[in-house]
Undergrad: 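Can you keep this structure in mind? I'll have questions shortly.
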Amino acid sequence: MKKIKHFFINFWSLLPGVKSKVGFVILLLFIAIASLGSYIAPYKKNYIGFESWLAPSAKHWLGTDSYGQDVLSQMIYGTQTSLLVGILAGLITTVIGVLVGLIAGFKGGWIGEGLMRIVDLFLIIPTLALMIILASFLPSMGVTNTILIIGFLSWLYMARSIRSQTMSERESGYVEAARMAGMKDTEIMFREIMPNIIPVILANQVLVTTQAVLAEAGLSFLGLGDPTAVSWGTILSLAHANNAVMFNAWWWILPPGLAIAVLCFGFILIGNGILDRYQAKRGNAAL
């Protein structure tokens, strides 16, 4: 327990600026809810045993839906799916984006141009539309498939960002020194350049994680997510399908929308804080 406490204290001290700290607190809150979901949820997942369309009360803080389910419990369990998809899909996107961006930016020539033409080709097609097409062709759309589809189709803008930064770093003196020392291209890319652009990678990672959360919500809202999983997107989809607006059941619509917005806001704060610190350091180094 002490080790975990020291880790968070040390990590907190490394966070750059107030923005990142506020974003990290928001993220920690959602992680805690997702981790303790089965313990803090008032009722079991998908439990149907209450009267439908009940307004918020002491027994049901966020009321009930048309199926007689407690909305607060569904929201808590939905946090687990939405956060899991966002983080894992974001990690897949980051790995692909960093690899493509580093290689294209460092190698240049026909390799870099070829990779960027592939990126440009896929950028012509709207990412969400491509996700919908792929999801509609799959026999089943579980959480794993959702993560893979989002992860493998969301790295394009990140690759361009990392390529641009790598091209800038490629001309630095430490890269020339590494070449003169006989280091191979892969060693220069991953041992010299990549550590120097970690802030840019992290800032891009929180951005793609935000996009993954939104993409999952979009796919689920359109009925292309995992029908057996509870996520904020599926809650919104069911509320829309059951005409929650007509019944004035705001408690079924607003909470998942606000949860998505607050989580994405937290990620954006972290990313902006990291970029602000990175740009400040670059500016001081230039002076």
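The shown structure was predicted, so the numbers you read here are calculated from the model rather than taken from an experiment.
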Undergrad: Are Q74 and N46 close enough that some pair of their side-chain heavy atoms sits under 4.5 Å apart?
TA: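 Yes, at least one pair of side-chain atoms sits under 4.5 Å.
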Undergrad: Between F247 and N243, what is the shortest heavy-atom contact and its length?
TA: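 Between these two residues, the closest heavy atoms are CD1-O, 3.1 Å.
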Undergrad: Donor-acceptor pair, distance only, cut-off 3.5 Å: does the side chain of T81 make one with the backbone of V230?
TA: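 Checking the backbone N and O of V230 against the side chain of T81, a donor-acceptor pair under 3.5 Å is found.
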Undergrad: Identify all side-chain donor-acceptor contacts of residues 104-120 below 3.5 Å with residues at least two apart in sequence or on another chain.
TA:
| from | atom 1 | to | atom 2 | distance (Å) |
| --- | --- | --- | --- | --- |
| K107 | NZ | D185 | OD2 | 2.9 |
| E113 | OE1 | R117 | NH1 | 2.6 |
| R117 | NE | D120 | OD2 | 3.2 |
| R117 | NH2 | D120 | OD2 | 2.6 |
| D120 | OD1 | R160 | NH1 | 2.6 |

Undergrad: Would you mind reporting whether W252 and I235 have side-chain heavy atoms less than 4.5 Å apart?
TA: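 The answer is yes, as the side chains (C-beta and beyond) meet within the 4.5 Å cut-off.
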Undergrad: Which label fits H60 and F50: parallel for a plane angle under 30°, tilted from 30 to 60°, or perpendicular past 60°?
TA: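 Perpendicular.
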Undergrad: Considering all heavy atoms of both residues, which atom of V213 and which atom of S82 are nearest to each other, and what is their separation?
TA: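 Heavy-atom minimum between the residues: CG2-O, 4.0 Å.
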Undergrad: State whether the number of non-hydrogen atoms from other residues, nucleotides or ligands found under 6.0 Å of F265 atom CZ is greater than 12.
TA: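 Not buried by this count: 12 neighbours or fewer within 6.0 Å.
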Undergrad: Do you know the tightest heavy-atom contact between A239 and I253?
TA: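 Scanning both residues, the minimum pair turns out to be CB-CG1, 4.2 Å.
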Undergrad: Does any part of the side chain of L238, heavy atoms only, come nearer than 4.5 Å to the side chain of S66, both counted from C-beta?
TA: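 No, every pair of side-chain atoms sits at 4.5 Å or beyond.
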Undergrad: Could you list the residues that satisfy side chain to side chain donor-acceptor pair (under 3.5 Å) with N204, not counting sequence neighbours?
TA: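 Testing N204 for side chain to side chain donor-acceptor pair (under 3.5 Å), a comparison that skips the adjacent residues, returns S161.
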Undergrad: Main chain of E51, side chain of T64: is a donor-acceptor contact present, judged purely on distance under 3.5 Å?
TA: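 It does hold such a pair.
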Undergrad: Do D70 and Y47 touch side chain to side chain, with heavy atoms closer than 4.5 Å?
TA: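 Answer no - side chains too far apart.
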Undergrad: More than 12 non-hydrogen atoms from neighbouring residues, nucleotides or ligands closer than 6.0 Å to OH on Y174, yes or no?
TA: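 Yes, enclosed.
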Undergrad: Using atom types as modelled, flag every donor-acceptor pair under 3.5 Å from a side chain in residues 84-93 to any protein atom, sequence neighbours excluded.
TA:
| from | atom 1 | to | atom 2 | distance (Å) |
| --- | --- | --- | --- | --- |
| T93 | OG1 | A89 | O | 2.9 |
| T93 | OG1 | G151 | O | 3.1 |

Undergrad: Decide yes or no for T79 and M75: does some side-chain heavy atom of the first lie under 4.5 Å from some side-chain heavy atom of the second?
TA: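 No, too far: nothing below the 4.5 Å cut-off.
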Undergrad: Are V262 and L29 close enough that some pair of their side-chain heavy atoms sits under 4.5 Å apart?
TA: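 Result no, sub-4.5 Å side-chain heavy-atom pair not found.
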Undergrad: Taking the side chain as every heavy atom from C-beta outward, state whether C264 and L214 have any pair of such atoms under 4.5 Å apart.
TA: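 With C-beta onward as the side chain, the pair touches.
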Undergrad: Is the centre of the W61 ring less than 6.0 Å from the centre of the W251 ring?
TA: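 Ring centres of W251 and W61 not closer than 6.0 Å.
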Undergrad: Between the side chain of T209 and the main-chain N/O of Q205, is any donor-acceptor distance below 3.5 Å?
TA: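 Confirmed, T209 side chain pairs with Q205 backbone.
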Undergrad: What do you reckon, is OH of Y43 surrounded by more than 12 foreign heavy atoms closer than 6.0 Å?
TA: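 Count over threshold, so yes.
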Undergrad: Check whether any side-chain heavy atom of V208 sits under 4.5 Å from a side-chain heavy atom of W155, and report yes or no.
TA: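 No, their side chains stay 4.5 Å or more apart.
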